[in-house]
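Take a look at the structure below.
Letters A, B, ... mirror the listed sequences (proteins, then strands); counts begin at 1. Bear in mind the structure is a predicted one, so any value in this text is a computation, not a measurement.
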Amino acid sequence: MPEEEILKQRIDKLMRLRREEGIDPFRNDRWDRKETLSEVNEAYAYLEPDAHAADVEIVTAGRLMTIRRHGKASFATMEDETSRLQLYFQLDATGEEAYTFFKKWVDTGDILGVVGTPFRTRRGELSIQVKNYTLLSKALRPLPEKWHGLKDTEIRYRQRYVDLIANPEVRETFRKRALVVRTFRDVLERHGTLEVETPILSSLAGGANARPFITYHNALGVNLYLRIATELYLKRLIVGMLGRVYEIGKNFRNEGMDTMHNPEFTTMEVYWAYANYQDMMDLTEEILVACADALGSRKVTYQGTEISFEPPFKRATMVDLVKEFCGVDIDALASDEEARRVGKTKGLEITGKETRFGILTELFEAYVEEKLIQPTFVLGHPVEVSPLAKRNYDAPDYTNRFELFVYGKEVANAFSELNDPLDQRERFTDQLRKKTEGDEEAHAFDEDFVQALEYGLPPTGGLGIGVDRVTMFLTDSRSIRDVILFPTMKPKS
RNA sequence: GAGUCGUUAGCUCAGCUGGCAGAGCACCGGACUUUUAAUCCGGGUGUCGAGGGUUCGAAUCCCUCACGACUCACCA
């Protein structure tokens with residue numbers, strides 16, 4: 001039957017229900033649920049087959065997922081946010097009127113409030129013998145198929161509510177996501193970190209290499225950008241003497257999308273005054289281990305590969321990793337020209353402008369990243385690709401920075417924050433030069449941020465973690481869309 | 001942005017070399033007082049993603065477009 005036909009039929013049925021029975025299922029304002037289905041399942045797990053707890057009254061509610069109608073006794077499977085449980089409607093127990101009403105008016109998908117007694121059937125299934133019930137809401141559209149569920153990715157993402165009804169494991173994934181976020185907060189609060197909110201709308205989108213979304217403010221008559229990172233505002237707050245701050249929120253990047261990238265995604269960024277990137281490494285480890293523990297295990301299987309979040313995570317410098325996986329010792333190369341030559345032999349596309357540090361970074365991305373399956377801290381990024389990180393004063397071409405890779409993907413990025421306003425100004429200028437050379441993703445020059453640094457930023461450790469990616473790895477989700485409730489979709493024309 | 005694959009009933013899917021549009025579940029009607037993918041009897045409910053082309057004839061072959069999935073490029 002075409003869906004419109006079913007809808008029409010169900011609306012007609014609703015009208016008849018109102019007219020013939022004087023009952024409007026949408027009139028109910030609340031239901032005094034006394035227990036959830038998982039509470040019932042736990043409390044009466046002890047019942048033996050065919051045993052009734054006849055003196056107990058259960059008051060619960062949920063959605064009917066399946067109905068097995070018989071002549072004078074019917075079964076239904078009810079599901080709520082915690083569990084599922086079988087209902088037993090028996091003419092002798094409900095009375096003729098209520099039983100007939102059930103057979104005539106109640107459909108799968110309907111929300112029911114029920115009162116009854118727990119028992120276990122001869123076949124061994126815990127059930128509720130329904131004494132009476134109330135139709136709390138009516139479903140006018142049919143549920144997806146009960147056996148195969150809903151698989152169509154397009155419907156799953158566009159109509160997530162249907163996905164959530166049909167696939168309990170999807171609900172579980174989003175509960176885990178909430179637990180991950182809560183664990184982030186727990187750890188950060190334990191370290192005396194203040195949760196703050198900074199602007200999403202701003203006249204300048206900085207703090208990362210990315211193209212922003214542009215929007216327009218009518219009253220001000222100006223273009224505003226959606227933020228691409230929270231970094232620069234949070235560091236202003238450290239200047240402002242808030243000591244330790246963090247923000248969990250969405251960033252927006254106007255770039256391609258695939259299984260690892262959604263245009264809006266969630267990050268946690270944290271900044272601690274008087275700390276450095278080493279402290280941030282410890283914090284990263286602490287947060288990830290706490291998340292793994294919260295979800296049950298430090299060893300997780302991601303897409304068939306076991307990943308261990310048992311600390312300490314592996315640590316290595318970018319230079320050493322490139323040496324190990326690619327056989328190129330950047331420090332041994334005398335000039336940029338030589339580096340470009342070596343890069344070319346390794347298959348890099350060379351424009352002639354690369355420095356040896358650019359080559360290092362490209363070799364790392366080409367040869368190393370995908371090999372870093374187990375959690376690995378990569379240290380010592382070149383200054384050239386780290387416009388906001390503090391220089392390593394023993395090796396001035398490199399920064400006190402790390403990125404954490406898991407399953408070949410970047411999960412965290414952290415550094416000792418650059419707090420020298422003069423150096424920061426130079427690096428922004430360098431980014432500006434890159435921008436005029438055509439690099440659309442070069443950082444914007446944030447004059448106000450430099451000015452903030454001129455008031456004095458204490459030595460500060462900063463860290464950003466991709467919340468969606470952490471959730472993916474801990475829930476074995478192959479696409480970022482599986483951990484975002486309403487992922488960005490192209491509108492259907 | 002490029003390539004590959006996909007789109008058939010509400011859902012999950014068949015549909016061969018071009019020859020009447022199919023199944024299970026769901027849904028509608030009937031029987032059934034412990035079923036659980038209930039069973040039994042009866043009912044097919046469709047713009048075969050959209051548009052164009054080839055052909056006597058197109059779900060099927062060709063082209064264009066839309067949307068999705070995967071791979072790649074960019075990126076976290």
Side-chain angles (χ1 to χ4, degrees), chain A residues 1-10 12-13 49-50 52 65-77 84-94 99 103 107-109 119-127 129 139-159 162-163 165-167 207-211 228-229 250-269 349 365 369 403-406 409-413 439-441 464-470 472 478-481 487 489-493:
Chain A
M1 193 179 296
E3 180 156 28
E4 292 314 305
E5 195 65 30
I6 294 177
L7 185 63
K8 201 168 148 281
Q9 212 170 64
R10 289 275 185 109
D12 185 59
K13 188 172 185 176
D50 220 17
H52 289 238
M65 304 304 287
T66 62
I67 299 176
R68 294 175 291 283
R69 274 180 248 265
H70 300 210
K72 296 189 173 65
S74 299
F75 294 87
T77 307
R84 47 170 49 199
L85 186 60
Q86 178 167 268
L87 304 180
Y88 183 44
F89 294 83
Q90 194 181 28
L91 189 143
D92 294 344
T94 61
Y99 188 77
K103 279 188 81 171
D107 297 303
T108 56
F119 76 107
R120 193 176 293 281
T121 64
R122 277 171 220 157
R123 297 290 190 85
E125 176 144 355
L126 187 64
S127 309
Q129 168 97 306
L140 299 181
R141 289 183 189 270
L143 293 178
E145 209 246 7
K146 63 184 171 190
W147 190 242
H148 298 93
L150 178 69
K151 290 181 178 169
D152 187 288
T153 49
E154 199 166 345
I155 300 177
R156 287 190 50 228
Y157 297 147
R158 284 186 199 277
Q159 294 174 265
V162 181
D163 186 31
I165 290 172
N167 301 314
N209 305 75
R211 268 187 283 178
I228 56 176
K250 286 208 172 154
N251 292 324
F252 307 84
R253 296 190 184 174
N254 206 342
E255 290 165 348
M257 37 199 294
D258 57 32
T259 50
M260 294 305 290
H261 303 85
N262 195 65
E264 53 179 304
F265 63 102
T266 303
T267 61
M268 185 288 299
E269 283 194 39
E349 271 184 45
E365 286 168 3
E369 265 187 25
E403 289 180 305
L404 176 69
F405 284 83
V406 176
K409 311 289 181 187
E410 184 187 340
V411 161
N413 180 19
D439 182 355
E440 287 186 70
E441 291 175 356
I465 300 182
V467 172
D468 310 281
R469 287 190 175 180
V470 169
M472 285 173 70
R478 85 174 254 95
S479 169
I480 195 169
R481 291 179 157 194
M489 299 291 280
K490 196 161 179 174
K492 289 208 99 167
S493 54

What does [X] touch in the nucleic acid at a heavy-atom separation under 4.0 angstrom: a base, only the sugar-phosphate, or nothing?
X: A/Asp258; answer: base
X: A/Gly149; answer: sugar-phosphate
X: A/Thr153; answer: sugar-phosphate
X: A/Thr108; answer: sugar-phosphate
X: A/Arg481; answer: sugar-phosphate
X: A/Asn262; answer: base
X: A/Tyr157; answer: sugar-phosphate
X: A/Arg211; answer: nothing
X: A/Thr267; answer: nothing
X: A/Ile155; answer: sugar-phosphate
X: A/Asp92; answer: base
X: A/Glu125; answer: base

Quick one: is [X] getting a side-chain N or O under 4.0 Å of the [N] phosphate, OP1 or OP2?
X: A/Arg123; N: B/U35; result: yes
X: A/Arg158; N: B/G68; result: yes
X: A/Lys146; N: B/A26; result: yes
X: A/Arg68; N: B/A38; result: yes
X: A/Arg478; N: B/U71; result: yes

Whichever of A/Asp107 and A/Pro263 has its nearest RNA chain B nucleotide further upstream toward 5' |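 With A/Asp107 and A/Pro263 compared, the 5'-side residue is A/Asp107.
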For A/Met489 and for A/Met257, locate the closest nucleotide of RNA chain B by heavy-atom distance; then report the residue assigned to the nucleotide nearer the 5' terminus.
->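 Here A/Met489 is the residue nearer the 5' end.
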Other residues, nucleotides, ligands: >12 heavy atoms within 6.0 Å of A/Lys409 NZ = no
Select one nucleotide: of [options], the one nearest the side-chain heavy atoms of [X].
X: A/Lys13; options: B/G10, B/C28, B/U33; value: B/C28
X: A/Lys151; options: B/U33, B/U34, B/U12; value: B/U12
X: A/Glu154; options: B/A76, B/G68, B/U34; value: B/G68
X: A/Leu91; options: B/C70, B/G24, B/U33; value: B/U33

In terms of ring plane angle, is the pair A/Phe119 and A/Tyr88 parallel, tilted or perpendicular, where the classes change at 30° and 60°?
-> tilted
Spacing of the [atom1] atoms in [M] and [N] (rounded, Å):
N: B/G46; M: B/A21; atom1: P; result: 14 Å
N: B/C13; M: B/C70; atom1: P; result: 15 Å
N: B/G68; M: B/A31; atom1: C1'; result: 45 Å
N: B/A59; M: B/G52; atom1: P; result: 14 Å
N: B/A9; M: B/G3; atom1: C1'; result: 33 Å
N: B/G10; M: B/C5; atom1: C1'; result: 25 Å
N: B/U12; M: B/A37; atom1: C1'; result: 13 Å

Identified pairing partner of [N], criterion: Watson-Crick or G-U wobble below 3.5 Å:
N: B/G1; answer: B/C72
N: B/U39; answer: B/A31
N: B/G22; answer: B/C13
N: B/U54; answer: none
N: B/G6; answer: B/C67

Measure the distance from [atom1] on [X] to [atom2] on [N] and round it to the nearest whole Å.
X: A/Gln129; N: B/U34; atom1: CD; atom2: C1'; value: 10 Å
X: A/Gln9; N: B/C27; atom1: CD; atom2: P; value: 10 Å
X: A/Ile228; N: B/C74; atom1: CD1; atom2: C1'; value: 14 Å
X: A/Tyr99; N: B/C32; atom1: OH; atom2: P; value: 10 Å
X: A/Gln86; N: B/A37; atom1: CD; atom2: P; value: 10 Å
X: A/Phe265; N: B/A76; atom1: CZ; atom2: P; value: 8 Å
X: A/Ile67; N: B/C27; atom1: CD1; atom2: P; value: 7 Å
X: A/His70; N: B/C40; atom1: NE2; atom2: C1'; value: 12 Å

Flag as yes if A/Trp147 stacks onto the base of B/G24 (centroids under 5.5 Å, planes under 30°), otherwise no.
-> no
Going by the side chain to side chain contact (heavy atoms under 4.5 Å, CB included) test, name the single residue among A/Val411, A/Thr267, A/Asn413 that passes it with A/Ile465.
->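 Only one option passes, and that is A/Val411.
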Do the side chain of A/Thr77 and the base of B/U36 come within less than 3.5 angstrom through a donor-acceptor pair of N or O atoms?
->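 No pair found.
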